[in-house]
Number of protein chains: 2
Amino acid sequence: MGDDEVRWLKPDELQAWMTLAGLMFKLPAALDVQLQRDSGLTHFEYLVLAGLSESPERSRPMSDLAGFANGSLSRLSHVVKRLEQRGFVRRCPSPADGRITVATLTDAGYEELVAAAPGHVATVRQYVIDALTPEQLSQLKTIGDQILQKVDPGRAC
Amino acid sequence: MGDDEVRWLKPDELQAWMTLAGLMFKLPAALDVQLQRDSGLTHFEYLVLAGLSESPERSRPMSDLAGFANGSLSRLSHVVKRLEQRGFVRRCPSPADGRITVATLTDAGYEELVAAAPGHVATVRQYVIDALTPEQLSQLKTIGDQILQKVDPGRAC
DNA sequence: ACGATTAGGTTGATGCGTCAACTGATGGTT
DNA sequence: AACCATCAGTTGACGCATCAACCTAATCGT
């Protein structure tokens with residue numbers, strides 16, 4: 001593998017990258033800490049409940065839900081099993097297509113989400129939204145979308 | 001807890017946040033996939049080796065290294081133990097202060113890092129640097145630093 | 001100088017995520 | 001109609017991160 005011509009990162013590129021790397025390590029951890037402490041939920045679990053709550057019938061196929069929550073189907077399956085054991089979610093096969101499993105948010109799950117939401121939203125505001133100007137927020141969305149397109153082309157074609 | 005006055009996210013705030021959330025989930029995963037497949041290293045392990053390589057004597061106290069790699073001391077301890085078993089790192093107590101353990105990069109560890117670096121840098125370029133304009137890169141650094149200051153105040157006082 | 005407190009690291013148990021293998025259902029082919 | 005390939009989802013084993021408990025060395029107070 002003749003890798004003689006590596007384009008190393010220039011100082012300012014390196015700095016920007018290290019900042020982003022730090023962000024990727026610390027922001028998820030900080031969000032999980034708050035949610036776990038105040039609500040006993042993971043950020044991923046929160047996204048699952050939220051994804052169900054905003055769907056018609058509070059129901060959604062597993063694959064669909066996995067895409068929304070940015071996780072693999074396998075991960076979702078494990079998580080939903082635990083959420084089901086806690087009484088927050090139900091699962092039943094779709095009558096239309098026997099391969100599809102539809103997850104449904106229970107009343108208890110909805111209560112849990114409603115209880116967790118204010119604290120979570122406040123944290124997101126504190127760490128992200130209120131730390132930036134509206135213009136920066138819009139820059140962030142543009143930048144994030146561009147990176148995501150490279151990382152994961154073909155999400156939402 | 002009278003949380004009657006929750007400041008929910010406005011649509012554009014929500015969109016920006018969901019983009020950032022997607023980024024936090026997918027970018028680390030994508031980086032780990034490349035490093036793991038091509039070099040058998042985690043991104044965190046890579047940062048540990050890199051942090052040692054750029055230090056005088058290729059050595060650094062554990063706490064210092066943990067801060068550089070954005071991880072807890074406990075996590076670093078486990079990881080360094082594995083890296084030591086693989087022959088990439090040595091550990092010995094500091095003669096100056098018996099509490100301190102200094103980790104040292106071995107020649108084998110340096111070789112490993114040198115072998116992994118080009119592929120990793122190319123991936124970072126592909127996913128991040130080359131996806132953005134120089135101006136966006138500078139915006140990203142500013143934005144990331146502002147968020148990090150909220151998330152983790154008192155890193156690099 | 002001696003006891004208490006703090007700082008730096010390590011360890012073991014627990015829980016979650018990933019991967020590969022597998023099951024069942026559906027659609028297409030001949 | 002029988003078969004094969006594909007799709008949706010589940011499961012179990014394995015590896016890593018987290019947390020709490022613990023240990024030793026250094027420092028502080030008196």
Side-chain angles (χ1 to χ4, degrees), chain A residues 24-37 40-48 52 59-86 88-104 154, chain B residues 24-37 39-48 52 59-86 89-104 154:
Chain A
M24 291 184 333
F25 275 109
K26 301 218 158 151
L27 186 51
L31 285 165
D32 274 330
V33 162
Q34 182 273 324
L35 270 172
Q36 195 73 45
R37 184 195 38 179
L41 288 174
T42 307
H43 185 208
F44 186 77
E45 291 172 333
Y46 180 92
L47 277 178
V48 168
L52 289 176
S59 297
R60 221 160 159 171
M62 294 289 283
S63 296
D64 190 8
L65 193 53
F68 174 85
N70 297 302
S72 68
L73 198 46
S74 171
R75 180 180 186 180
L76 181 66
S77 183
H78 285 296
V79 166
V80 166
K81 185 195 298 180
R82 291 166 216 146
L83 290 175
E84 194 170 30
Q85 286 164 358
R86 294 211 255 165
F88 297 158
V89 168
R90 268 195 314 273
R91 276 187 292 187
C92 43
S94 163
D97 186 335
R99 291 172 295 185
I100 293 178
T101 301
V102 173
T104 304
Chain B
M24 291 184 334
F25 275 108
K26 302 218 156 150
L27 186 51
L31 287 164
D32 274 329
V33 163
Q34 182 273 323
L35 270 172
Q36 195 72 45
R37 183 195 38 180
S39 312
L41 288 175
T42 306
H43 185 209
F44 186 76
E45 291 172 333
Y46 180 92
L47 277 178
V48 168
L52 290 175
S59 297
R60 219 158 162 172
M62 293 290 282
S63 297
D64 190 6
L65 193 53
F68 173 85
N70 296 303
S72 69
L73 199 44
S74 171
R75 180 180 186 181
L76 181 66
S77 184
H78 285 295
V79 167
V80 166
K81 184 194 298 179
R82 291 168 217 145
L83 289 175
E84 194 170 29
Q85 286 163 358
R86 293 211 254 164
V89 168
R90 267 194 314 274
R91 275 186 292 187
C92 43
S94 163
D97 184 334
R99 293 172 295 185
I100 292 177
T101 302
V102 311
T104 304

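These figures come from a predicted structure and were not determined experimentally. Each chain gets a letter, A, B and so on, in the order the sequences are listed, and its residues count up from 1.
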Checklist entry - With no hydrogens and no angle check, is any side-chain donor or acceptor of B/Ser94 less than 3.5 Å from a backbone partner on B/Asp97? => result yes

Checklist entry - Are A/His78 and A/Phe44 close enough that their ring centers fall under 6.0 Å? => result no

Checklist entry - Any side-chain N or O of A/Arg91 less than 4.0 Å from the OP1 or OP2 oxygen of D/dT10? => result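 Checking D/dT10 against A/Arg91, a side-chain N or O does come within under 4.0 Å of OP1 or OP2.
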
Checklist entry - Closer than 4.0 Å, any side-chain N/O of A/Lys81 to the OP1 or OP2 of D/dT10? => result no

For [X] and [Y], which heavy atoms make the closest approach, and how far apart are they?
X        : Y       : value
B/Glu45  : B/Gly40 : OE1-O, 4.0 Å
B/Ala103 : B/Met62 : CB-SD, 4.2 Å
B/Ala69  : B/Val48 : CB-CG2, 4.3 Å

Atom-pair distance ([atom1] on [X]; [atom2] on [N]), nearest Å:
X       : N      : atom1 : atom2 : value
B/Glu84 : C/dG9  : CD    : P     : 14 Å
A/Leu41 : C/dC16 : CG    : C1'   : 15 Å
A/Asp32 : C/dG15 : CG    : C1'   : 13 Å
A/Leu73 : C/dA21 : CG    : P     : 18 Å
A/Arg60 : D/dG9  : CZ    : P     : 12 Å
B/Arg99 : D/dA25 : CZ    : P     : 11 Å
A/Leu47 : C/dG17 : CG    : P     : 12 Å
B/Phe25 : C/dG17 : CZ    : C1'   : 12 Å

Could you pull out the protein-nucleic contacts involving nucleotides 1-4 of chain C (nitrogen or oxygen on both sides, under 3.5 Å)?
none

Checklist entry - If you check the B/Asp97 side chain, which of C/dG9, C/dT26, D/dA26 turns out closest? => result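 Closest nucleotide to the B/Asp97 side chain: D/dA26.
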
Under 3.5 Å, N/O pairs linking protein and nucleotides 16-20 of chain D:
residue	atom	partner	partner atom	Å
D/dA17	OP1	B/Arg75	NE	3.0
D/dA17	OP1	B/Arg75	NH2	2.6
D/dA17	OP2	B/Arg82	NH1	3.4
D/dT18	O4	B/His78	NE2	3.2
D/dC19	N4	B/Ser74	OG	2.7

Item to check | Worked check of side-chain contact (heavy atoms from CB on, under 4.5 Å) between A/Gln36 and A/Thr42 | outcome: CA-CA 6 Å; A/Gln36 195 73 45; A/Thr42 307; 4.0 Å; yes

Item to check | Working for side-chain contact (heavy atoms from CB on, under 4.5 Å), residues A/Leu47 and B/Phe25 | outcome: CA-CA 12 Å; A/Leu47 277 178; B/Phe25 275 108; 3.7 Å; yes

Next on the checklist: Need one value for A/Ile100: base, sugar-phosphate or nothing, where a base atom within 4.0 Å counts as base even if backbone is also close, heavy atoms only.
Outcome noted: sugar-phosphate

Checklist entry - When all nucleic acid strands are considered with a 4.0 Å heavy-atom cut-off, which category describes B/Thr101: base, sugar-phosphate, or nothing? => result sugar-phosphate

Item to check | A/Pro95 or B/Val102, whichever maps to the more 5' nucleotide of DNA chain C | outcome: B/Val102

Checklist entry - A/Arg91 versus A/Ser77: any side-chain heavy-atom pair under 4.5 Å? => result yes

Checklist entry - In this structure, which one of B/Val80, B/Leu65, B/Val79 forms a side-chain contact (heavy atoms from CB on, under 4.5 Å) with B/Val89? => result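 Going through B/Val80, B/Leu65, B/Val79 one by one, the side-chain contact (heavy atoms from CB on, under 4.5 Å) with B/Val89 is satisfied by B/Val80 alone.
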
